[in-house]
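In what follows, every chain begins at residue 1, and chains take the letters A, B, ... in the order their sequences are listed.
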Number of protein chains: 2
Amino acid sequence: MVRAGLTTERLVRAGAELADEVGFDQVTVSALARRFDVKVASLYSHLKNSQDLKTGIALLALEELADRAADALAGRAGKDALSAFADVYRDYAREHPGRYEAARFRLDPTAAAASAGGRHAQMTRAILRGYDLTEPDETHAVRLLGSVFHGYVSLETAGGFSHSAPDSQESWNRILDALDALLRNWPTP
Amino acid sequence: MVRAGLTTERLVRAGAELADEVGFDQVTVSALARRFDVKVASLYSHLKNSQDLKTGIALLALEELADRAADALAGRAGKDALSAFADVYRDYAREHPGRYEAARFRLDPTAAAASAGGRHAQMTRAILRGYDLTEPDETHAVRLLGSVFHGYVSLETAGGFSHSAPDSQESWNRILDALDALLRNWPTP
DNA sequence: GTGTTTTCCTAAAGTCTTTAGGCAAGTGCG
DNA sequence: CGCACTTGCCTAAAGACTTTAGGAAAACAC
């Protein structure tokens, strides 16, 4: 019989597509096998288990997101960099909801260390270099930005801001304005 | 044989406890049946299905959270109200991680309408009455606060801020200071 | 006390995960 | 080229969860 040409790489990539189509939590080894028209057990030569597949998708998503962010940041600073960076997250979540969910998947410490998580933190710090913050305020600000971006995107994706005025896009713009103002004027107690 | 005295109410309540112990996504009709020492099929007289159970837990969590927030807000205004409100979310998530996850569960529109979601939005608006914001800025600010609180709590719960200085509690305090300053000084383009 | 309703049960089918062991398709070496 | 070897996909099977159908006994109503 003709072989399907499975590899871990291809499986993870297809898993990511599947996630975008049906949701990350609906990604299943069985569904993936169906997609390749192959028996379920065959996938276990390439994947340790179901968790392994999900971890793979999460790592892929974090990588892609970091790549896009790095691109967006090139040649920008200040508010410009802040907006571009934030938009990368929001756009990615809208284009690839399943992958975005995956990026929020709780990784075990080993996987987390090997992930692009560090790049994300570094880039956030790079943006803050356009503002006059010193430690520990810079770290507080990193955490604030992470919270706002993740929080907004996840509420928006969950449908929180649809069906009500004003438009979500407008809130997003004004929130970025507000964050810029805040960072330029970070309060000292 | 002696009856177990199951009711939807008791099942949902036990489901919430289970969620706090093993995580919301590990809450299963089977596990719940074991907890009541009863056969699985018996639960289906009280629950439409597994989704129904999860929705019930989500509604319970939203209710509890709204009750706590209402208590915390009583007699407070301004920064004081802001901090108290924010702490309710954070503390609840730390005390009841499973329930908090449940509160983030995507409800179908019918359940969402019947949920305490509206109370949460109303209370956020009440806090903002202590600041000088007019529409549509008030709505933008509601969305910002929701994003920060949800985002911070969910990153913190996922372990994002542990094992690194400064202490998460300190970031939380400084972020609340920053939000207070921002709301007192909301930028107009 | 009889009749009705409610509560829990047994049984069964469908899905997903994961492991064990097998045959055949590709690969490498003489 | 032909052979052994490795790898890739298969069949088989067991265990867990979900959900439905239909039955028996407990609780209740009069």
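By the salt bridge (Lys or Arg N to Asp or Glu O under 4.0 Å) test, A:Glu138 pairs with A:Arg125, sequence neighbours left out. For the side-chain hydrogen bond (donor to acceptor under 3.5 Å, both in side chains) test, residues two or more places apart in sequence or in another chain that qualify with B:Glu21 are B:Arg35. Every residue was checked against the salt bridge (Lys or Arg N to Asp or Glu O under 4.0 Å) condition with B:Arg106, not counting sequence neighbours, and none meets it. When the salt bridge (Lys or Arg N to Asp or Glu O under 4.0 Å) test is applied to B:Glu64, the partners found at least two apart in sequence or on another chain are B:Arg99. The ring pair (Phe, Tyr, Trp, His ring centres under 6.0 Å) search around B:Phe24 returns B:Phe105, not counting sequence neighbours. Scored by the salt bridge (Lys or Arg N to Asp or Glu O under 4.0 Å) test, A:Arg119 finds A:Glu63, A:Asp67 as partners (sequence neighbours excluded).
For the pair B:Leu6 CG and C:dT7 P, the computed distance is 9 Å after rounding to whole Å. The CG-C1' distance, from B:Asn49 to D:dT18, rounds to 9 Å in whole Å.
For DNA chain D, the neighbouring residues in residues 33-48 of chain A, judged by any heavy atom under 4.0 Å, are A:Val38, A:Lys39, A:Ala41, A:Ser42, A:Ser45, A:His46. Looking at residues 9-29 of chain A, you'll see A:Thr28, A:Val29 sit with a heavy atom under 4.0 Å from some atom of DNA chain C.
Across all strands shown, A:Ser50 has heavy atoms under 4.0 Å from sugar-phosphate atoms exclusively, and none from any base.
Note on residues 119-142 of chain A: pairs passing ring-ring contact (aromatic ring centres under 6.0 Å, His included), not counting sequence neighbours, are A:Tyr89-A:His120. Residue pairs meeting the ring-ring contact (aromatic ring centres under 6.0 Å, His included) criterion with at least one partner in residues 32-77 of chain A, sequence neighbours excluded, do not occur; the list is empty.
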Let me check something: any side-chain donor-acceptor pairs from residues 77-87 of chain A under 3.5 Å, sequence neighbours excluded? List them with distances.
from	atom 1	to	atom 2	distance (Å)
A:Lys79	NZ	A:Asp177	OD1	2.8
A:Ser83	OG	A:Lys79	O	3.4
A:Asp87	OD1	A:Trp172	NE1	2.7

Below 3.5 Å is the cut-off: list the nitrogen or oxygen pairs between protein and nucleotides 4-6 of chain C, distance only.
from	atom 1	to	atom 2	distance (Å)
C:dT6	O2	B:Arg3	NH2	3.2

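Salt bridge present: A:Glu9 and A:Arg13 bring a charged side-chain N and a carboxylate O closer than 4.0 Å.
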